[in-house]
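Convention: sequence-line order gives letters A, B, ...; per-chain numbering from 1. Note that these values count all heavy atoms, side chains included, but never hydrogens, waters or copies made by symmetry. Here the structure is a predicted model, which is why all the values come from computation and not from measurement.
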2 protein chains.
Amino acid sequence: MTAEDVATPATRWLDAQQMAAWLPLLRVVQLLPQALDRQLRREAGIGHAYYQVLATLSAQPERTLSMGELARMTATSPSRLSHAVAAMEERGWVARRPCPTNRRIQYATLTDEGLGLLERIAPGHVAEVRRVVFDGLTDEQVEQLRSLALAILAPLDD
Amino acid sequence: MTAEDVATPATRWLDAQQMAAWLPLLRVVQLLPQALDRQLRREAGIGHAYYQVLATLSAQPERTLSMGELARMTATSPSRLSHAVAAMEERGWVARRPCPTNRRIQYATLTDEGLGLLERIAPGHVAEVRRVVFDGLTDEQVEQLRSLALAILAPLDD
DNA sequence: GGTCATAGCTTGAAGCTTCAAGTGTCAGCC
DNA sequence: GGCTGACACTTGAAGCTTCAAGCTATGACC
């Protein structure tokens, strides 16, 4: 497993500079979602995936979105969203209803209960985001972070 | 839910600059592990968590580490690691054996089969890492990435 | 108008992670 | 020596995510 064990096609390993960035990045993408999940679960009993559904719907006109668009906006698979919304519907936070003009489409709407929950838990969540991400960064670093995140996002969206 | 609905303690929302960084970052921490997982699962039948165990053990003297240290190095909970190593032991990639001097400790060792698997799948995995992370970044950005990841890591480690 | 591929969403099973609780071991203390 | 508390790890159940397969509806093509 050294750089000299060259097969076809040649295996290009990470150089020292890349490795020095990769290992911390790996920890971040591991620990950051974990931290968000834990804070939300402790104070609200839901994971971050559910929070994103609530928050995304709350920002829409009529607090409504089709399942497909909701999946795209929250970067989750249709299946995962379907399960999640089913669970949230059972708890009364979201309602589903078919589209009258295209019967393949289902609309998901944030209920008043769902909005109430979101309003209760949002401040604590935002505080956690500030604590783990933004409190330790300068304005210039925040700008770099935005630019880097967008650069990494490009190949991820295929 | 506006910035004017100030409760005690005052809710500080994210400003526009922070939001412009936060939304892409959120997608990255969501999609990046997903991409790594999918590539590995497609070509090797294992998830990224397993890969990290194999890779971490392979870099140790005797290819051995105690469960606790392995958990710390891979940033996973003891429970998660316990389940994962149990599954990998069943497939013959890792062996467990108690420490002779301190019987609370279990050592995990990468077997020859485990090392063989790692050597087969590492090139493809590294290629994927390059593709989604490093190919789109300049050297200067890689350096910024390292610095940012370390800054965010500090509050995450509590 | 019938056929076919595709879009949009759901389902169930399998796998993984988390949480709470449990086991056994060690070290400090009286 | 016996208690107490902490450490290292494991276990089982519950919840979440993923994958493959399925459903119905739509649009395009002939």
Side-chain angles (χ1 to χ4, degrees), chain A residues 29-54 64-91 94-109, chain B residues 29-54 64-91 94-109:
Chain A
V29 302
Q30 205 121 39
L31 293 178
L32 181 51
Q34 224 171 35
L36 300 180
D37 256 26
R38 244 209 329 239
Q39 185 271 330
L40 279 170
R41 199 168 300 282
R42 209 179 41 232
E43 307 199 352
I46 68 172
H48 187 254
Y50 284 32
Y51 180 89
Q52 260 186 299
V53 170
L54 297 175
T64 296
L65 227 44
S66 72
M67 294 294 284
E69 294 198 62
L70 187 52
R72 255 168 264 132
M73 294 185 69
T74 55
T76 69
S77 71
S79 168
R80 184 188 183 186
L81 181 64
S82 213
H83 285 295
V85 168
M88 298 175 82
E89 191 170 30
E90 198 144 315
R91 298 180 210 181
V94 175
R96 263 187 299 195
R97 146 182 68 77
C99 169
T101 67
N102 185 340
R103 283 188 296 180
R104 287 178 294 188
I105 292 175
Q106 287 272 105
Y107 284 129
T109 301
Chain B
V29 302
Q30 207 122 37
L31 293 177
L32 181 52
Q34 222 172 24
L36 300 180
D37 256 26
R38 245 210 328 240
Q39 185 271 331
L40 280 170
R41 200 167 299 282
R42 208 179 40 230
E43 307 199 352
I46 68 172
H48 187 254
Y50 284 34
Y51 181 89
Q52 259 186 299
V53 169
L54 296 175
T64 296
L65 227 43
S66 72
M67 293 293 285
E69 293 197 64
L70 186 52
R72 252 166 267 132
M73 294 185 68
T74 55
T76 69
S77 71
S79 168
R80 184 188 182 185
L81 182 65
S82 214
H83 286 294
V85 168
M88 297 175 82
E89 192 171 29
E90 199 144 315
R91 298 180 209 181
V94 175
R96 264 186 299 195
R97 144 183 68 76
C99 169
T101 67
N102 184 341
R103 283 188 295 181
R104 286 178 295 188
I105 291 175
Q106 288 271 108
Y107 285 129
T109 300

Protein-nucleic acid N or O pairs under 3.5 Å, nucleotides 1-7 of chain D:
| from | atom 1 | to | atom 2 | distance (Å) |
| --- | --- | --- | --- | --- |
| D:dC7 | O2 | B:Arg104 | NH1 | 3.3 |

message = Please compare A:Arg103 and B:Ile105 by the position of their nearest nucleotide in DNA chain D and report the one closer to 5'.
response =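 Nearest nucleotide further toward 5': that of B:Ile105.
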
inquiry  = Holding to side chain to side chain contact (heavy atoms under 4.5 Å, CB included), I want the full list of residues that pass it with B:Arg97, two or more places apart in sequence or in another chain.
reply    = B:Thr64, B:Tyr107, B:Thr109

ask   = Which pairs count as side chain to side chain donor-acceptor pair (under 3.5 Å) when at least one residue sits in residues 77-88 of chain B, sequence neighbours excluded?
value = none

How many angstroms lie between [atom1] in [X] and [atom2] in [Y], if you round to the nearest 0.5 Å?
X       : Y        : atom1 : atom2 : answer
B:Asp37 : B:Leu31  : CG    : CG    : 12.0 Å
B:Met88 : B:Leu54  : CE    : CG    : 3.5 Å
B:Leu81 : B:Gln106 : CG    : CD    : 11.0 Å

query = Is A:Arg72 touching bases, backbone alone, or none of the nucleic acid, heavy atoms closer than 4.0 Å?
reply =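 If one applies the 4.0 Å heavy-atom cut-off, A:Arg72 turns out to touch nothing in the nucleic acid.
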
message = Between A:Gln106 and C:dT10, is there a contact of a side-chain N or O with OP1 or OP2 at under 4.0 Å?
response = yes

inquiry  = Rounded to whole Å, how long is the line connecting atom CZ of A:Arg96 with atom C1' of C:dG8?
reply    =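 Distance check: A:Arg96 CZ to C:dG8 C1' gives 13 Å.
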
request  = Write down the distance between CG (B:Asn102) and P (C:dG24), rounded to a whole number of angstrom.
outcome  = 16 Å

ask   = For B:Arg96, what residues pass the salt bridge (Lys or Arg N to Asp or Glu O under 4.0 Å) criterion, not counting sequence neighbours?
value = B:Glu89

inquiry  = Would you say CZ of A:Arg91 has more than 12 non-hydrogen atoms from neighbouring residues, nucleotides or ligands within 6.0 angstrom?
reply    = yes

query = Base, backbone or nothing for each nucleotide of nucleotides 12-23 of chain D, written B, S, -, heavy atoms under 4.0 angstrom, 5' to 3'?
reply = B---SSBB----

ask   = With sequence neighbours excluded, what pairs up with B:Glu43 under the side-chain hydrogen bond (donor to acceptor under 3.5 Å, both in side chains) test?
value = B:Gln39

